[in-house]
Amino acid sequence: MNYISSLRCIECRTEYQAAPGVYTCPSCGPLQGILDVVYDYQKIKEDYNVQTLEASPDHSMFRYLPFLPVNPESPRPHLRIGWTPLYRPSGLARAFGFNNLYIKDDGQNPTASLKDRASAIAAIRAVEEGMTTIACSSTGNAASSLAGNAAAMGLTTFIFVPGRAPQGKIAQLLIFGANVISVQGSYNDAFRLSAEAIERWGWYNRNAAINPYLIEGKKTVSMEIAEQLHWKVPDWVAVSVGDGCTIAGVWKGFTDLYRVGWIDKLPKLLGVQSSGCSPLVDSFLENRPWRPTGENTIADSIAVGVPRNPEKALRAVRESEGTMVAVSDQDILDAMRLLGRTSGIFGEPAGVAGLAGLRYLAGNGVIGSDETIVAIVTGNGLKDVHNAIAAAGEPIRIGPSMQLLVKELSWRGLD
Ligand SMILES: *Cc1c(COP(=O)(O)O)cnc(C)c1O
Ligand SMILES: [Zn+2]
């Protein structure tokens, strides 16, 4: 069995026994009553230590199995999820003026985003609970990762996406055999419709904030960062924020490791949104409750005007003594281009927003130039080539002639 001891409401702190169908706190309701998964940390400490973990031949997120809300014997997707590389690109570090800057490239997951870590858990738990159909609404990556992981497990999926989801992500859904419902409306509209459909047909619910187990998958990104840095926790971890589940998961990963004593400090979190859609940044900086906003950003994965996990996200940043910033779409495109040309890493707009936030803060004293910083690239740029070309510009177009090439390169000073 797994090591879960209870589910605790983040609002009223009541603890519940984990059971199929228990997703949110009945007394606080599905909006406020988000549950946190609590483990028997003492028991984990008795059964595992850093050495047993480091000796694990499992190079995927499942090397952290005792910290995951699944039974060890349960079937899993055969895909290699997690254990993504942690790079230290020196050209990027120079460009930013940070001496210890790392990139965790989570675009290298099977469906090319960090969301695979959560969707794998959703697919495993659906099978554990005897379900055959999973549904979710998503700005794109939760959907494509769910479709991929469900395909790997032989499950049926119904996916609700807002009309603006980029083609690359829609293509993934269709290739993975999902039933794709493209809702002509906002993400909020897609979310509401999916919730009603899940209720009506009794499907397994992968909607991230509602389902408390998904953050448990996402937290493995932090466990990997800690292990890859030989348990020396970075000073800062920068990540983009939409619903808020990812940053809450990042925090959970570090706090779980802290609880079992495998790390002796916690990082500060930098949460980044686009200034065209920054309900949580505004709430954090103005120290007031969040309010719904428009969704005016090219970073579709974080274009979330009505975040579903606001409290967990804001608490994570506050508890970490970190901060939040909003960056413009232009800053995001600049970060995409800069990351690509200095390091060979290709992120989607939301994937590099954390990095754009770091760049925004560089030199203003919030982050020291010698501090150790990890920026998580949460999704791969091939998902959204339209914005990539907007970031990087067009190719040099010429006829098939050497003369023209010589002229063109000389005119551009490239010869
Ligand atoms: C979903 C997503 C995020 C943000 O995660 P939230 O849980 O919505 O805050 C960031 N980047 C990418 C690429 C994503 O797909
Ligand atoms: Zn409650």
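For clarity, every value in this text was computed on a predicted model and none was experimentally measured. For ligands, and for the atoms within them, numbers begin at 1 and follow the listed sequence.
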Lys/Arg-Asp/Glu bridge criterion (N-O < 4.0 Å) met for [X], [Y]:
X: Asp384; Y: Lys169; result: no
X: Asp36; Y: Lys312; result: yes
X: Arg315; Y: Glu319; result: no
X: Glu224; Y: Arg117; result: yes
X: Arg200; Y: Glu196; result: no

Element-labelled atoms of ligand 1 that are located less than 4.0 Å from some non-hydrogen atom of [X]:
X: Cys245; value: 6 (P), 7 (O), 9 (O)
X: Gly242; value: 4 (C), 6 (P), 8 (O), 9 (O)
X: Ser240; value: 10 (C), 11 (N)
X: Glu348; value: 13 (C)
X: Lys218; value: 7 (O)
X: Thr378; value: 10 (C), 11 (N), 12 (C), 13 (C)
X: Gly379; value: 13 (C)
X: Ala350; value: 11 (N)

* Is the shortest heavy-atom distance from the side chain of Asp243 to the side chain of Tyr187 under 4.5 Å? -> yes
* Asked: Quick one: are Tyr87 and Ser343 in side-chain contact, heavy atoms under 4.5 Å?
  -> no
* Hey, does Ser113 come in under 3.5 Å of ligand 1, counting only N/O atoms on both sides? -> no
* Asked: N/O of Gly244 under 3.5 Å from N/O of ligand 1, yes or no?
  -> yes
* Looking from the Zn ion (ligand 2), what is the angle between SG on Cys9 and SG on Cys12, to the nearest 10°? -> 110°
* To do: Check the surroundings of atom OH in Tyr16: do more than 12 heavy atoms from other residues, nucleotides or ligands lie under 6.0 Å from it?
  => yes
* Structure fact -> Note: heavy atom closest to atom 7 (O) of ligand 1, options Ile302, Thr246, Val241, belongs to Thr246
